[in-house]
2 protein chains.
Amino acid sequence: MTDSNPNASPSAPSMPSDALPPVEQHAQQYATVRNAHETELIEDYVELIGDLLTHRGEARAADIANRMGVSQATVSKMIRRLNELELVTSKPYRSLFLTAAGQEMAETSRARHDVVLNFLRTLGVRDATARIDAEGMEHHVSDETLAIMQRFTEQQERR
Amino acid sequence: MTDSNPNASPSAPSMPSDALPPVEQHAQQYATVRNAHETELIEDYVELIGDLLTHRGEARAADIANRMGVSQATVSKMIRRLNELELVTSKPYRSLFLTAAGQEMAETSRARHDVVLNFLRTLGVRDATARIDAEGMEHHVSDETLAIMQRFTEQQERR
DNA sequence: CAACATTGTTAGCCAAGGCTAAATTATTTG
DNA sequence: CAAATAATTTAGCCTTGGCTAACAATGTTG
């Protein structure tokens, strides 16, 4: 057996470079990230479809492809998946709609996204940068952290 | 052509739900995220190997597998990739070492990781949560945001 | 030092998420 | 309303990053 001393100095509260966390905790961190990766693309598509429906009245595959920056073929394949997951309904060659589950996911994602984006802006990050960072961070922020970000943003606004 | 009005109300500074960003910017956001995904696993492995070398003196495939929470076969395959990318050197059945490029990547990743982790702690996020969130956020935080996080943490500490 | 346990590698499978090229369906317009 | 254009889908390819099972090398210990 290697790694026989799994938790040398479990928490050295804010030093430059901590010791390694206990094996189980460490593995849990990575597992959480892998997990997030599985759902995040799905959420991004659903969120985008929701936004297109809200702001444009319809969500066409071509628009999604343009905004995602991928080929139409990729979008078409993805829509099939979203259909299987019962997040969208679609008739061939027609615009998309969200199921109830899809709408809920879209709203949740949108809300998280907004909290993160506004938090970054409040911190003083430039708008374009904040948008890029928020897109990536959105799926990796726990509910706990999200709540703290929200509170922080509100406090700053109340100045 | 659909989506013919690409930038209705380009920036409404901090309202609950913004309008859609211009198509090119929107595509850029997603492209940045996709890009990050390509490198982040590599960086996580390299960072972990660096940490194991620092704190344990050696980096064995079994330890990596345990800490990553994946099978040894997966690690073995990954090590081959890291070798091809000239980030690590390895002899069969022996411990790993980082090349100069690998060391640089490990240090950079570690530094980013620490900034994000300490920022979250400073915000008031619980340690275990902060560790999980930092692991995911690390690869999606721009240099600009990172600098702001660093400054924020330092300011709070100086109270 | 032989047997057993641990560690590492290889082969072969799978799903996801990209792509291009070709075929099909809708829509617009001369 | 026919022809041209645009949108969508399908087929087939590729890479990544997981997995299990079988095999090979190394290390440990009775």
Side-chain angles (χ1 to χ4, degrees), chain A residues 1-4 23 27-28 30-46 48-49 52 56 58-85 87-97 135-136 139, chain B residues 1-4 23 27 30-46 48-49 52 56-85 87-97 135-136 139:
Chain A
M1 242 263 241
T2 359
D3 213 342
S4 42
V23 184
Q28 183 54 50
Y30 291 115
T32 304
V33 173
R34 278 196 303 274
N35 219 41
H37 282 165
E38 279 182 26
T39 50
E40 76 182 283
L41 230 210
I42 300 286
E43 285 175 15
D44 282 344
Y45 271 89
V46 169
L48 175 55
I49 291 167
L52 286 168
R56 293 281 185 277
E58 61 172 10
R60 309 297 307 245
D63 294 349
I64 298 171
N66 283 335
R67 289 193 170 267
M68 280 280 177
V70 299
S71 73
Q72 288 196 353
T74 297
V75 170
S76 202
K77 195 192 272 193
M78 199 57 171
I79 290 171
R80 210 184 315 145
R81 281 202 68 208
L82 297 178
N83 245 307
E84 284 161 12
L85 296 170
L87 293 166
V88 310
T89 56
S90 64
K91 294 182 187 169
Y93 298 95
R94 284 287 118 97
S95 177
L96 295 173
F97 295 95
E135 192 64 64
H139 307 280
Chain B
M1 246 263 245
T2 1
D3 210 343
S4 41
V23 184
Y30 292 115
T32 303
V33 174
R34 278 196 302 274
N35 220 41
H37 282 166
E38 280 182 25
T39 50
E40 75 181 283
L41 231 211
I42 300 285
E43 285 175 15
D44 282 343
Y45 271 89
V46 169
L48 176 55
I49 291 166
L52 286 169
R56 292 281 185 276
E58 60 173 8
R60 311 295 307 240
D63 295 349
I64 298 171
N66 283 334
R67 291 195 169 265
M68 280 281 177
V70 299
S71 73
Q72 288 195 356
T74 298
V75 171
S76 202
K77 195 191 269 192
M78 200 57 173
I79 289 171
R80 210 184 315 146
R81 281 203 68 209
L82 297 178
N83 244 308
E84 284 161 13
L85 296 171
L87 293 166
V88 309
T89 56
S90 65
K91 294 182 186 169
Y93 297 95
R94 285 288 118 98
S95 176
L96 294 173
F97 294 96
E135 192 64 65
H139 306 281

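Throughout, a chain's letter reflects where its sequence line sits, starting with A, and its residues are numbered from 1.
Rounded to whole Å, atom P of D/dT16 lies 17 Å from atom CD1 of B/I79. Rounded to an integer number of Å, the gap from CG of B/N83 to P of C/dT10 is 11 Å. With rounding to whole Å, B/E58 atom CD is found 15 Å from D/dT26 atom P. With rounding to whole Å, B/E38 atom CD is found 18 Å from D/dC14 atom P. One can place CD of B/E43 at 16 Å from P of D/dT16, the figure rounded to the nearest angstrom. In this structure, B/E40 places its CD atom 15 Å from P of D/dT16, rounding to the nearest Å. Following rounding to the nearest Å, B/Y93 (OH) and D/dA25 (P) show an atom-to-atom distance of 6 Å. The separation between A/R94 atom CZ and D/dT8 atom C1' is 11 Å, rounded to whole Å.
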Practice item. Could you walk me through whether A/I49 and A/L82 pass side chain to side chain contact (heavy atoms under 4.5 Å, CB included), step by step? Key: CA-CA 11 Å; A/I49 291 167; A/L82 297 178; 3.9 Å; yes

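The A/R80 side chain lies nearest to D/dT10 when the options are D/dT10, D/dA7, D/dG17. Of all nucleotides listed (D/dT8, C/dT9, C/dG17), D/dT8 comes nearest to the side chain of A/A61.
Nearest heavy atom pair, residue A/A27 against residue B/N66, reads CB-O, 3.6 Å. The two residues B/R60 and B/Y93 make their nearest non-hydrogen contact at NH2-O, 3.6 Å. What you find for B/D63 and B/L52 is that their closest heavy atoms are CB-CD1, 4.1 Å. Residue B/S90 comes nearest to B/I79 through the heavy atom pair OG-CG2, 4.1 Å, listed as atom of the first residue, atom of the second, then distance.
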Provide a list of protein-nucleic acid N or O atom pairs under 3.5 angstrom, restricted to nucleotides 18-22 of chain D.
{"from": "D/dG18", "atom 1": "O6", "to": "B/K77", "atom 2": "NZ", "distance (Å)": "2.4"}
{"from": "D/dC19", "atom 1": "OP2", "to": "B/S71", "atom 2": "N", "distance (Å)": "2.9"}
{"from": "D/dC19", "atom 1": "OP2", "to": "B/S71", "atom 2": "OG", "distance (Å)": "3.0"}
{"from": "D/dC19", "atom 1": "OP2", "to": "B/T74", "atom 2": "OG1", "distance (Å)": "2.7"}

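Across its full length, the helix from C/dC1-D/dG30 to C/dG30-D/dC1 shows an angle of 0° between the axes of its 5 terminal pairs at either end, rounded to 10 degrees.
Remark: A/S71 engages A/A73, A/T74 in a side-chain contact (heavy atoms from CB on, under 4.5 Å) (not counting sequence neighbours).
For the residue pair A/S76/A/Q72, the side-chain donor-acceptor check at 3.5 Å is not satisfied.
The main-chain N or O of A/G69 is found under 3.5 Å from a side-chain atom of B/R34 such that the two form a donor-acceptor pair.
A close approach under 4.0 Å does not occur between any side-chain nitrogen or oxygen of B/R60 and OP1 or OP2 of C/dT7.
Residue B/Y45 is tested with B/I42, B/L48, B/L41 for a side-chain contact (heavy atoms from CB on, under 4.5 Å); the sole match is B/L41.
Nearest-nucleotide positions on DNA chain D for B/H37 and A/S90 put A/S90 closer to the 5' end.
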